[in-house]
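Worksheet: one structure, shown below.
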Protein chains: 2
Amino acid sequence: MLRYVTVTQALSRREKARLATTDEIKATALDLMREQGTTDVRFTDIARVMGMTAPALYRYFDDRDELLTALIADGYLALGARIAAALAPLPAEDLAGRWVAAGSSYRDWARSEPQQFALVLGMPVPGYVAPDEGPTTEAAKAAMGQLASIFVAAAETGRLGEPLIREVSQAIIDCEKAKHDELIGIVPPESFQAMMQTWAMLHGFVSLEAYGHFDWLEPDARDELFRSHIRLAAKAAGLPVPAP
Amino acid sequence: MLRYVTVTQALSRREKARLATTDEIKATALDLMREQGTTDVRFTDIARVMGMTAPALYRYFDDRDELLTALIADGYLALGARIAAALAPLPAEDLAGRWVAAGSSYRDWARSEPQQFALVLGMPVPGYVAPDEGPTTEAAKAAMGQLASIFVAAAETGRLGEPLIREVSQAIIDCEKAKHDELIGIVPPESFQAMMQTWAMLHGFVSLEAYGHFDWLEPDARDELFRSHIRLAAKAAGLPVPAP
DNA sequence: CGTGTTTGTTATGAGGCGTAACGTTTCCTG
DNA sequence: CAGGAAACGTTACGCCTCATAACAAACACG
């Protein structure tokens with residue numbers, strides 16, 4: 001069965017139709033997830049909404065896991081695109097603004113698409129195992145790389161200050177060398193460490209909020225807490241601190 | 001059907017048997033979740049492992065949601081118990097040690113029981129809606145309250161320093177008054193804010209790690225990163241900072 | 001136009017959830 | 001202690017979903 005189409009040549013009529021149907025299936029799945037507030041999705045329901053029968057969907061996805069894999073990859077792409085869109089209008093030198101924009105995109109995405117967020121960054125779905133390599137991993141790196149790029153830009157323009165915690169273990173230094181050698185000589189190890197802690201900070205807030213653990217806070221207070229949180233993250237990491 | 005037993009009087013033979021069976025069901029469910037690495041659980045499987053038939057389980061839990069509710073409540077209790085156990089041997093004045101111990105328990109629990117962690121603090125399970133009041137909420141407060149108690153102890157002994165971020169919005173001040181008036185006059189608003197940010201920091205790291213997003217780091221590096229992370233959290237919040 | 005591919009259908013089986021109806025064991029009380 | 005009630009467990013069943021198989025229609029293309 002022809003499943004993945006090379007993009008080098010123009011798509012035939014059939015291939016375009018196939019892609020359109022594939023997209024519609026994914027979009028319908030997301031709609032249903034939004035509607036029902038779950039990451040669960042029934043082929044039966046997707047098919048019904050699309051005016052098809054369930055077995056037809058197996059022409060496009062071998063099973064539910066393959067659909068989920070596609071949705072997860074799309075999720076990373078969507079997150080990456082949102083961050084990119086938020087960063088685009090900001091000048092490269094506005095580091096504080098870019099940091100706020102990137103963090104806020106992350107948060108806004110999680111709030112507007114909590115199911116997709118859970119799918120991508122939450123507990124792996126029952127039975128689903130992420131492929132070690134592939135489009136998913138690449139999309140993930142692309143999305144997260146944008147956060148890293150702010151640190152890189154800061155370091156390259158000499159505006160990356162000392163992080164609040166300066167002690168770095170050999171294990172983390174080794175990890176930067178082994179896994180992110182592109183940062184060696186640009187982002188010092190203590191800032192590499194701070195970078196991951198910054199992601200953890202951001203993710204922690206967004207995660208708690210998306211899963212309803214901040215529901216007891218008024219929306220205004222949540223917004224203010226986030227603004228403060230993101231300033232804290234910048235300050236802790238040695239990034240230029242956004243204005244309060 | 002008799003479901004909840006008053007603890008004031010001794011339990012009859014039957015009540016003890018019922019409780020034992022209920023516990024066995026929950027334990028079996030957790031075992032299966034651990035085994036399969038999911039938060040999914042089939043009554044059929046539980047029953048098979050227990051040497052029963054599935055419909056018998058409905059004598060103990062009305063449906064899957066009720067079992068999940070019980071597991072979530074137990075999860076909070078387990079988390080609370082672990083934190084309490086970690087704090088118990090430490091003297092009240094060792095604030096830095098207590099902070100490290102509490103944070104590490106949180107992390108250890110998530111790592112040793114990732115499914116329970118996902119159940120309790122992750123995405124709400126398909127279809128499941130948490131009851132607004134009840135044992136779940138109380139257990140949650142008890143578990144999280146222990147983190148808060150470290151801040152309270154620090155404040156009461158005059159060892160709670162200024163948090164890194166001092167600006168606090170009126171909305172957050174109002175929220176402390178409305179939802180946590182027991183802290184008013186003890187924990188200043190900017191520290192109340194820092195407290196929640198500290199939770200978010202802790203949760204973010206633990207969450208990313210539990211869901212495999214730090215798998216690319218060597219275990220040693222993860223441990224070191226966590227040590228650094230928890231020091232950062234303490235420093236940012238104005239708590240006494242643990243030694244590196 | 002005819003042939004092979006693609007896309008859809010209906011039919012079917014396997015398995016889980018939850019209910020109903022029916023024994024069997026356990027407790028409790030007259 | 002005997003009878004009755006409650007609790008506990010079973011089998012049988014209906015409904016739903018996943019996934020496959022077999023078949024029919026639409027389409028592309030020589």
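Proteins come first, then strands; the chains are lettered A, B, ... in the order of their sequence lines, and each starts at number 1. Note: hydrogens, waters and symmetry copies are ignored here, and every other heavy atom, side chains too, is used.
Atom CG of A:Leu57 is separated from atom P of C:dT6 by 18 Å (rounded to the nearest Å). Atom CZ in A:Phe61 sits roughly 12 Å away from atom P in C:dG8 (whole-Å rounding). Rounded to whole angstrom, the span from the CE atom of A:Met50 across to the C1' atom of C:dT9 amounts to 15 Å. Distance A:Met52 CE to C:dT9 C1': 10 Å, rounded to the nearest Å. Between A:Leu19 atom CG and C:dT7 atom P there is a gap of 10 Å when expressed in whole angstrom units. Going from atom CD1 of A:Ile25 over to atom P of C:dT7 covers 10 Å, rounded to whole Å. Remark: P of C:dT6 and NZ of A:Lys16 are 18 Å apart, rounded to the nearest angstrom. Straight-line distance from the CZ atom of A:Arg18 to the P atom of C:dT6: 9 Å, rounded to whole Å.
For the residue pair B:Gln115 and B:Thr38, no side-chain donor N or O sits within less than 3.5 Å of a side-chain acceptor on the partner. At a cut-off of 3.5 Å, with distance as the only test, no side-chain donor of A:Ser112 or A:Arg107 sits close to an acceptor on the other residue.
The minimum heavy-atom distance between A:Gly75 and A:Val120, with the atom names listed, is CA-CG2, 3.8 Å.
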Per-nucleotide protein contact along nucleotides 17-30 of chain D, 5' to 3', at a 4.0 Å heavy-atom cut-off (B base, S sugar-phosphate only, - neither), is SSBB-----BBS--

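Each end of the helix from C:dC1-D:dG30 to C:dG30-D:dC1 yields a helix axis from five base pairs, and these two axes differ in direction by 0° (to the nearest 10 degrees).
Phosphate proximity of D:dG9 to B:Tyr60: present, with a side-chain N or O under 4.0 Å from OP1 or OP2. Between C:dG8 and A:Thr53, no contact under 4.0 Å exists linking OP1 or OP2 to a side-chain N or O.
Salt bridge absent: A:Arg227 and A:Asp220 never bring a charged side-chain N and a carboxylate O closer than 4.0 Å.
Classified by interplanar angle (parallel below 30°, tilted 30° to 60°, perpendicular above 60°), the ring pair B:His229/B:Phe205 is tilted. Ring geometry for B:Phe214 versus A:Trp199: interplanar angle over 60°, hence perpendicular rather than tilted (30 to 60°).
Of the candidates B:Val152, B:Leu147, B:Ile150, B:Leu183, B:Met195 forms a side chain to side chain contact (heavy atoms under 4.5 Å, CB included) with just one, namely B:Leu183.
A 4.5 Å side-chain heavy-atom check between B:Arg222 and B:Asp215 finds at least one atom pair inside the cut-off.
Judged by distance alone, the side chain of A:Asp31 and the main-chain N or O of A:Arg34 form no donor-acceptor pair under 3.5 Å.
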